[in-house]
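Below, each value reflects all heavy atoms present in this structure, side chains not excepted, and no hydrogens, waters or symmetry copies. Order of the sequence lines fixes the chain letters, A, B, ..., with proteins taken first and strands second; residue numbering starts at 1 for each chain.
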2 protein chains.
Amino acid sequence: MSKSGTTTPARATIRTVAADAGVSVAAVSKVLRNAYGVSDGLRDKVQKSIEKLDYRPSTAARGMRGRTYTVGVLLVELRNPFLPSVIDGVQRTLGKANYKALMGVGEARAKIEQSLIDSMVDMRMDGLLLVAPRLSGDRLARHAQRLPMVVIGHHEPTAALFDTVNSDDRRGARIAVEALLTRGHKDVHMISMPEENAAQNVYREREYGYRDAMVAAGLADRIRFWRQKERFAQPDGTIDALLESPDRPPAVFCWSDIAAVELINKAAARGINVPEDLAIIGYDDTPTAALPLIGLSSMDQHGTQIGELAAAALLSRIEGRTVPEHRLIEPGLILRRST
Amino acid sequence: MSKSGTTTPARATIRTVAADAGVSVAAVSKVLRNAYGVSDGLRDKVQKSIEKLDYRPSTAARGMRGRTYTVGVLLVELRNPFLPSVIDGVQRTLGKANYKALMGVGEARAKIEQSLIDSMVDMRMDGLLLVAPRLSGDRLARHAQRLPMVVIGHHEPTAALFDTVNSDDRRGARIAVEALLTRGHKDVHMISMPEENAAQNVYREREYGYRDAMVAAGLADRIRFWRQKERFAQPDGTIDALLESPDRPPAVFCWSDIAAVELINKAAARGINVPEDLAIIGYDDTPTAALPLIGLSSMDQHGTQIGELAAAALLSRIEGRTVPEHRLIEPGLILRRST
DNA sequence: CAGTCTACGTAGAACGTTATACGCGCTGCA
DNA sequence: TGCAGCGCGTATAACGTTCTACGTAGACTG
C-alpha cells in the first residue's frame, strides 16, 4: 500500500513454468489437463514449479483452443426465491469437478438473456446452465446446438439437444390442491399468472395439476382461475378482487408464495380468518412462508437437489454425452397454519 | 432439430468479416474498437459485413491482448436481501457503456471468494466489483494492484488502490436509534453480529452509530449489545434470551431485518405487543419488513443508487482514473408499525 | 535379431484478436 | 520544388494456451 511504485511482478505463464521445471511447454500443458503420457517424475517437477511461481493458466488463452473449465449460469431474476438453493447445489457439484460457475442475471427479459448467453459463448464457456429462462424452446435449441446446455425451471420434455431438470410442477400442484380438498373444501380456486406468462410453462404445469386434482375429485365445474395482470408479481388488484368477491372461495391455491403471501396479508387486514374462512397453499416454500406470523403452507421444490442434478448433467454432457436426459423431481408439501 | 447432422455453420471470425468487406483484418479491428483512423465509408462496409455474417468478436481472444468489455461481480451470498437492487443499478450503468457483468457467488467464505476472483482475473475481465466481500483489506489491495476494482459494503475509507461505495451505516444506525429515543425509550439495546463478524466492518459501523446516538442522548450507561452466536443469521437462542430476560428492553435496534423479523415473530408468539411493549427497527428494508403482517420499520440503503455509483466508478477506473474515490450514501428511515 | 508396441516427451502450428509500425497519397507551405 | 504533416489503411508480431504429429528409447514378440 505504498505510494504507487510497487510494480506488480509479471504474471507467470506456461513458458515460465516450463523453463523453471526444465521441460517443454507441451509437457506442462499435459500436466495441467492431466492428459495421457506423463510420468510421475515429470508431473512432480511441474507441480513444484507451478506452486513456486504461483502459476494459474489463463482462461482467456485456454478458451482459444481447449476448455475453460467454466460454465455460464443464467439466472432469471435475483429476487426469485427459488434461486439460492439451486445455486448452492450447482456450485457444490461443479466445485467437485474443479469447474467454476459464472452467472448472468437476465432480468426476466428475453433480450437480455439472449445477450448474456452470447457473452458466455463469446467467452468460450464449456457449457450453459439456464435457470427458468424466458427464451422460447427453439431459441434454446439453437443455442444448445453450439454447446452443452441444461435447463432448469422450463419444461421441454421432448427437447433433443439439451437436458432439463425440473420440479414436477404438475404433480406438486395436484398434491397441494388435494390437501385442500381433503379438508373438505369444494370450491378451490387458483391464483395464477397472466395467460401469456403462464406460457412460461412452469406455471401452465401447475395449472394442469390444479385441474387434474379438481377433475379427479369430480369438481371440474368448480374450476376457476384468478389471473394476475402484471408481468411479474406486482400487486395489481386481482387479490383484492378475489377477497371482496361474493364468490370468494373457501380455499385458494397460488402459483407462488409471492401471491400467497400477499393474499394472506390482505386477508388478515380484512379480518378474514385463515384457515377457517380461507385456506391457502402457496408454492416455493420461501423463508417468508415459514415465519410464524405468516405460517403459509407451501410446496418445497428441493432446489438444492435440482441444482446438483442439473450440474451433474451438464458435466456429463461436456464429457460427451449427447442423448438427452429429462428429469422430474417430486416436490414436498409443507403444511403450516394456513391450511 | 433433426437427427443430429445439422452441423452448425462455423462461427464467423474477424478474418471472415475482413474478406467479406474487402478490407484488412486490422481495419475491422479498428472499427470494432472504434479506434482512430477509420473513414465513414470503411466503417459502413465493415458494419454491413458484421451484420450480414452475424459476427461477434471472441471475448476469449480479446482477452489475450485487449479488453474483454466484461467486469466480474463478486456477490457475498445470494440470500442477502441487499443484492437485487444493487445489481439492478450495476447492470443498468454497465449496460449503457456496453459492458457486461458476470457474477460469482462467494458463499460468504473468503476461500471461495479468493478462487472466484482468481477465475475472473484469469478470464481477463476488465475490472472487479466486489459486493460485501469477506476478504481482508490487504488481500483486497493486492487484487486491486492487478486490475481496476470497486468495493461495495465494506468500509475501507483510506484504501488507495480501489474505490468504495457504501451506505453510511454509522449514520443510518444513528438515525434509527434516534427514532427510538424520540419515542421516549431510554433502554435501547442492539442485536448485533458475533464479535468476529462485526469485524465485517459494515456491522461495526452500525454499532458505532448506535453508540453515537446513545452517547449523544446521555445514555451511555444504557448501551447494551445482544450478540448472535452463529456465523450467519441462523436462529440461535439469542433472541429468545432477550425476550425472556428480566432486563428485556422496551426498544431494540437490529443489525439487519434478518434478526428483526425473527424478533418480531417471536415477540408475537409470546404475546408481547409491538410496539407498545417492544419497539423494533431493523436494517435493509427487505420485502418481508414491508408486509402488513410484519410491519417492521427499517433502514433503506438505496441499493440501486449504490450499484449505479459503483459501476460508474469502475468504468472510470477502467478508463484510467487512479485517484481513489470513497462515497457514502445516506440511508433513509422507513417507519412502520413496529416503532 | 528384426520388427512392433508402448510410454514418455517435444516441436510447432493453430486459435482470434489487438496494437505497433509503417506505407502511401494528398495538402499546404516555404 | 521539396518536404513536413495528416488521414487512412495494411502487414504482422504478439498474446498464452492446446493439440496433432512425431521422435526416441526400451520392452516385448516371434
- [ ] Mark yes when over 12 heavy atoms from residues, nucleotides or ligands other than A:Arg327 sit less than 6.0 Å from its CZ; otherwise mark no.
- [x] no

Task: Residue closer to the 5' end of DNA chain D, B:Leu42 versus B:Arg124 (nearest nucleotide) - done: B:Leu42

Task: Salt-bridge criterion met for B:Asp122 and A:Arg11 (N-O under 4.0 Å) - done: yes

- [ ] Would you please confirm or rule out a distance under 4.0 Å between OP1 or OP2 of C:dT17 and any side-chain N or O of B:Thr59?
- [x] no

TODO: Would you mind telling me which of D:dT10, D:dT17, C:dG16 lies closest to the side-chain atoms of A:Met64?
DONE: C:dG16

Open item on the list: Please report the distance, rounded to the nearest Å, between CZ in A:Arg43 and P in C:dA7.
Closed with: 14 Å

Open item on the list: Tell me every residue that passes salt bridge (charged side-chain N to carboxylate O under 4.0 Å, His left out) with A:Arg67, counting only those two or more places apart in sequence or in another chain.
Closed with: A:Glu319

Task: Distance, rounded to the nearest Å, where A:Arg56 contributes CZ and D:dT17 contributes P - done: 11 Å

Open item on the list: What is the separation between atom CE on A:Met123 and atom P on C:dG16, rounded to the nearest whole Å?
Closed with: 16 Å

Task: Members of residues 94-101 of chain B that approach DNA chain D, where some heavy atom sits under 4.0 Å away - done: none

Task: Atom-to-atom span, NZ of B:Lys45 to C1' of D:dG9 - whole angstrom - done: 10 Å

Open item on the list: Distance check needed: D:dT18 C1' versus A:Arg15 CZ, whole Å only.
Closed with: 12 Å

Report all interatomic pairs (protein N or O, nucleotide N or O of nucleotides 18-20 of chain C) with separations under 3.5 Å.
{"residue": "C:dT18", "atom": "OP1", "partner": "B:Arg62", "partner atom": "NE", "Å": "2.9"}
{"residue": "C:dT18", "atom": "OP2", "partner": "B:Ser29", "partner atom": "OG", "Å": "2.6"}
{"residue": "C:dT18", "atom": "O2", "partner": "B:Arg65", "partner atom": "NE", "Å": "3.2"}
{"residue": "C:dA19", "atom": "OP2", "partner": "B:Arg33", "partner atom": "NH1", "Å": "2.8"}
{"residue": "C:dA19", "atom": "O4'", "partner": "B:Arg65", "partner atom": "NH2", "Å": "3.2"}

TODO: Check whether any side-chain N or O of A:Ser24 sits under 4.0 Å from OP1 or OP2 of C:dT10, and answer yes or no.
DONE: yes

Open item on the list: Can you tell me if B:Tyr36 touches the phosphate of D:dG7, counting only side-chain N or O atoms and a distance under 4.0 Å to OP1 or OP2?
Closed with: yes

